[in-house]
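Report on the following structure.
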Amino acid sequence: MPNIILPDGKKIEFSKSINGLEIAKKISSSLAKEALVMSVNGILKDLTYEINSDCEVKILTSKDNDGLDTIRHDTAHILAMAVQELFPGTQVTIGPTIENGFYYDFSRKEPFTESDLKKIEIKMSEIVDRDEKTYREVWDRDEAIKHFKKIGENYKAEIIKDIPKNEEISIYFHGKWHDLCRGPHLASTGKIGKHFKLTKVAGAYWRGDSNNEMLQRIYGTSWASKKDLNDYLHKIEEAEKRDHRKLGKEMDLFHFREESPGSVFWHQKGWSLFQKLISYMRARQDQAGYNEINTPEILDRTLWEKSGHWDKFGENMYTSTTPDEKVFAIKPMNCPGCVQVFNQGLKSYRDLPLKMSEFGKVHRYEPSGALHGLLRVRAFTQDDAHIFCSEEQITQECLSVTNLILSIYNDLGFENIILKYSDRPDKRVGDDKVWDKSENALLEAIKKTNLEYSVNKGEGAFYGPKIEFVLRDAIGRDWQCGTLQVDLNLPGRLGASYIDKDGSKKVPVMLHRALFGSLERFIGILIENYAGKLPFWISPLQSVVIPVSQDFDEYAKKVHNEVRKVGISSEVDLKNHNLNYKIREHSLKKIPLLLICGKKEVDSNTVTIRKLDSNKQETMELNKFLENYSKLSKAPIN
RNA sequence: GCCCUUGUAGCUCAGCUGGUAGAGCAAUUGAUUUGUAAUCAAUAGGUCCGCGGUUCGAGUCCGUGCGGGGGCACCA
């Protein structure tokens, strides 16, 4: 006779076996109405699952993550049902839930079009209305394979073959339609409601392998209520408004063009932003003891062969053949050049740690499908640095890099930073003792930051472990920017050495680090994080002076010149438009400060300040304005 | 690279089933002289992404190339 223990600790005793729905009814009729699935001793089960022994049960509704997840999983099934009803002969493959929704991959010769999505949605609604009952059967493995092959579902048959021998082959039915599935599922198709929407069609490789057939994936989103669905769709729209490609155009920062896909044409304003970041970073690195260098863009192929890039990275490298048939490569990374600078002249242990930074522009031939605005380009500038040090110095150097990076992210308004630590991969160089040492050194540095970190087992570079620094932006998206890698390989390959205390020659350890990662990408992230409303000091155009009418043009020009003189970037808008028009125009362009000049200001030698997104006005003596705001307009460097 | 989709004025877009292009904003000019998110009017503006083909005739249909977008794969 099962004793059921509820989450609040209450025990209910039943005289015979019982299923989830009956338990829910026993608790309350409203719970029975809202119940979707249940967890039995922590394992998700259908509500129809019969319980005959003591256990802990939690009835789950759409308020529980697992409940909502089950709604999405069911929506994926109904999508597959609808597709097979509308397009007979389509094979189903897999249809998991994902963040905010689900997808289902299909195999079908003819492509699905956007207009098919509408039809499918209508059919899905019909299926919900039919309220088909769900039931579960356990099938014999070989029978199941035979069955799915017979009905032409070869992918399903293949999936069954790969299910571990000790697992049941469960088949879920919604009415007549059935699918191999682990479950659990809602009691009937009516339970999912109609708060779903199919969002896009896309290609996806079978089993994620580009050697396999490309399937057609339909993405959708599904929620517990109309309101949740609308909120989600609204959130997507808001995110689109922040798109750096759109804002970059509107703010006149940069553009892309066919002649050089994946390379940025920086306009004056965008370039000014770019340069501000570089000079800020340069100042921070000067303070942190780095020496800036610069190395050639084009280097002989033999160097890349020695470094291992030709072999490992050749497919991504641009090459150039000179008229005398020599082959050069355009650098995809700065490290080999930097090692060559290190190699000039004898180095002693006294020189270590030697920190060499380089704002190096690198070119990588990325697959065309990977390109994405500033976030994935083929030519970009790294705020790169290589730290040559001894093994003993690794921890200390990693720690100081980490501290520098966190302080810089904070200055730029990012406070949510996650670390991803990747340790030794299977394919690696160097002996395990050295790996132990470098992994420990890195881990120790991470722990000292007290930051949250995740471990990616075996994801390190072949030459050493690494940390990736992930920023979480204003709307909760994660971006990988900075990276810190310990390299026990390249210095040796390129013959780097120093003379140690005991007079022996040693190979230095090299730390690769980039803080912004790529200036281009970082700018894209900044734009999206701030929705274009960049912090004052980094804003590409900090102020626009607006005369109230043409009578005050001269004063406005004077103000503009004074403002520029103290280092605040400024334009003066003398166009024949009224004040309202100009305020709107410059506000849309996200100019942080509008300086209004009219009779009042001329008479009292003042300016009236209107800040972006505020309709408050403040009139201030011109000199006072210059003094107060020139400080604020500079990078936060002490 | 692969699948789908898309390419028309500086920008955002319309152009139905083929009959040599249209709107709004921006620009220019003129009027207006404006006090905190669009003053009015006139003018000018296009190899309809490139190359082939079908057709009496192609922005529109077909092929191909190159971009863009959404995914997948890739991201040393």
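Note that the coordinates shown come from a computational prediction; the quantities given were computed from them, not determined experimentally. Letters go in sequence order (proteins before strands), and every chain restarts at 1.
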(message) Once you apply a heavy-atom cut-off of 4.0 Å, does A:Tyr219 come out as touching a base, just sugar-phosphate, or nothing?
(response) sugar-phosphate

(request) Give, ordered by number, those residues of residues 610-618 of chain A having at least one heavy-atom distance below 4.0 Å to an atom of RNA chain B; if nothing qualifies, reply none. (result) A:Arg610, A:Asp613, A:Gln617

(request) With the side chain of A:Arg376 defined as its heavy atoms from C-beta on, choose the nearest nucleotide among B:C75, B:C3, B:U39. (result) B:C75

(message) Quick test of your reading: applying salt bridge (charged side-chain N to carboxylate O under 4.0 Å, His left out), list the pairs with at least one residue in residues 601-610 of chain A, sequence neighbours left out, ordered by first then second residue.
(response) A:Lys599-A:Asp603

(message) Short of 4.0 Å, heavy atom to strand atom, which residues of residues 588-599 of chain A count as contacting RNA chain B?
(response) A:Leu588, A:Ile596, A:Gly598, A:Lys599

(message) Would you say A:Asn100 and A:Lys235 are linked by a side-chain donor-acceptor pair, where the criterion is simply a distance under 3.5 Å?
(response) no

(message) Of the options B:C2, B:U34, B:G70, whose atoms approach the side-chain atoms of A:Asn576 most closely?
(response) B:U34

(message) Quick check on the 6.0 Å ring-centre criterion: do A:Phe102 and A:Tyr104 meet it?
(response) no

(request) Identify whether any heavy atom of A:His586 sits under 4.0 Å from a base atom; if not, whether one sits that close to sugar-phosphate; answer base, sugar-phosphate or nothing. (result) nothing

(request) Could you say whether A:Gly369 or A:Ser587 is positioned toward the 5' end of RNA chain B, judged by the nucleotide with the nearest heavy atom to each? (result) A:Gly369

(request) When you get a sec, tell me which of B:A73, B:G71, B:C4 is the closest nucleotide to the side chain of A:Ala202? (result) B:G71

Please set out all donor-acceptor pairs under 3.5 angstrom arising from side-chain atoms of residues 330-337 of chain A, sequence neighbours excluded.
residue, atom, partner, partner atom, Å
A:Lys331, NZ, A:Thr295, O, 3.3
A:Lys331, NZ, A:Thr295, OG1, 3.2
A:Lys331, NZ, A:Asn334, OD1, 3.1
A:Lys331, NZ, A:Glu358, OE2, 3.0
A:Asn334, ND2, A:Gln382, OE1, 3.0
A:Asn334, ND2, A:Asp384, OD2, 2.9

(message) Which residues pass the side-chain hydrogen bond (donor to acceptor under 3.5 Å, both in side chains) test with A:Glu571, not counting sequence neighbours?
(response) none

(request) Considering non-hydrogen atoms only, spot the tightest contact between A:Leu419 and A:Phe469 and give its length. (result) CD2-CD2, 3.3 Å

(request) Look at the aromatic rings of A:His386 and A:His512 and report parallel, tilted or perpendicular, splitting at 30° and 60°. (result) perpendicular

(message) Going by side-chain hydrogen bond (donor to acceptor under 3.5 Å, both in side chains), name the residues that satisfy it together with A:Arg245, two or more places apart in sequence or in a different chain.
(response) A:Asp243

(message) Looking at B:C2, which nucleotide sits across from it as a Watson-Crick or G-U wobble partner, both distances under 3.5 angstrom, or is there none?
(response) B:G71

(request) Tell me the partner of B:G24, counting only Watson-Crick (N1-N3 plus N6-O4 or O6-N4) or G-U wobble (N1-O2 and O6-N3) with both under 3.5 Å; none if nothing fits. (result) B:C11

(request) For A:Asn580, report the nucleic acid contact type (base, sugar-phosphate, nothing); a contact means any heavy atom under 4.0 Å. (result) sugar-phosphate

(request) Return no unless some side-chain N or O of A:Tyr205 is found under 4.0 Å from OP1 or OP2 of B:C74. (result) no

(request) Please state whether the phosphate of B:G69, meaning OP1 or OP2, lies under 4.0 angstrom from any side-chain nitrogen or oxygen of A:Arg245. (result) yes

(message) For A:Phe254 and A:His267, I'd like to know if the aromatic rings sit close, meaning centre-to-centre distance below 6.0 Å.
(response) no

(request) Just call it for A:Ser210: base, sugar-phosphate, or nothing, with non-hydrogen atoms closer than 4.0 Å on any strand. (result) sugar-phosphate

(request) Please name all residues satisfying salt bridge (Lys or Arg N to Asp or Glu O under 4.0 Å) with A:Arg584, sequence neighbours left out, ordered by chain then number. (result) none

(message) Within the supplied structure, the quantity of interest is the number of heavy atoms (other residues, nucleotides, ligands) at a distance under 6.0 Å from A:Glu315 CD; does it exceed 12?
(response) no

(request) List in numerical order all residues of residues 328-338 of chain A for which some heavy atom is under 4.0 Å away from an atom belonging to RNA chain B. (result) A:Met333

(request) Starting from the 5' end of RNA chain B, give me the residue, A:Gln550 or A:Ala204, whose nearest nucleotide shows up first. (result) A:Gln550

(request) Can you sort out the partners of A:His309 under side-chain hydrogen bond (donor to acceptor under 3.5 Å, both in side chains), two or more places apart, ordered by chain and number? (result) A:Ser307

(message) Within the 4.5 Å heavy-atom criterion, are A:Val264 and A:Phe256 side-chain neighbours or not?
(response) yes

(message) For a quick test of reading the model, state the closest non-hydrogen atom pair linking A:Ile405 to A:Gly482 and the distance between them.
(response) CD1-CA, 4.2 Å

(message) Using OP1 and OP2 only, check whether a side-chain N or O of A:Ser368 sits under 4.0 Å from B:G1.
(response) yes

(request) Could you check which of B:G70, B:C72, B:A37 has an atom nearest any side-chain atom of A:His372? (result) B:G70

(request) Looking at every strand, decide which applies to A:Gly308 at a 4.0 Å heavy-atom threshold: base, sugar-phosphate, or nothing. (result) nothing

(message) Does A:Glu601 contact B:G35 through a side-chain donor or acceptor facing the base, at a distance under 3.5 Å?
(response) yes

(request) Only pairs at least two apart or in different chains count here, so list each salt bridge (charged side-chain N to carboxylate O under 4.0 Å, His left out) that has a residue in residues 510-530 of chain A. (result) A:Arg477-A:Glu528

(message) Within a 6.0 Å radius of atom CD on A:Glu99, are there more than 12 heavy atoms belonging to other residues, nucleotides or ligands?
(response) no

(message) Return the pairing partner of B:U39 with a 3.5 Å limit on both distances, Watson-Crick or G-U wobble; otherwise return none.
(response) B:A31

(request) Identify the residue among A:Phe112, A:Tyr103, A:Phe196 that makes a ring pair (Phe, Tyr, Trp, His ring centres under 6.0 Å) with A:Tyr219. (result) A:Tyr103

(message) Distance check needed: B:G70 C1' versus A:Arg217 CZ, whole Å only.
(response) 12 Å

(request) Encode nucleotides 5-17 of chain B as B, S and - characters from 5' to 3', where the letter depends on protein heavy atoms closer than 4.0 Å: B to the base, S only to sugar-phosphate, - to neither. (result) --B---SS-----

(request) For A:Thr608, answer base if it contacts any base atom (sugar-phosphate contacts may also be present), sugar-phosphate if it contacts only those atoms, and nothing otherwise; contact means non-hydrogen atoms under 4.0 Å. (result) base

I'd like a table of atom pairs between the protein and nucleotides 24-29 of chain B - only N or O on both sides, under 3.5 Å - with the distance next to each one.
residue, atom, partner, partner atom, Å
B:A26, OP1, A:Tyr581, OH, 2.4

(request) Name the pairing partner of B:U55, where a pair is Watson-Crick or G-U wobble with both distances under 3.5 Å, or state none. (result) none

(request) Have a look at A:Lys200 and say if it touches a base, only the backbone sugar-phosphate, or nothing, with a 4.0 Å heavy-atom cut-off. (result) sugar-phosphate

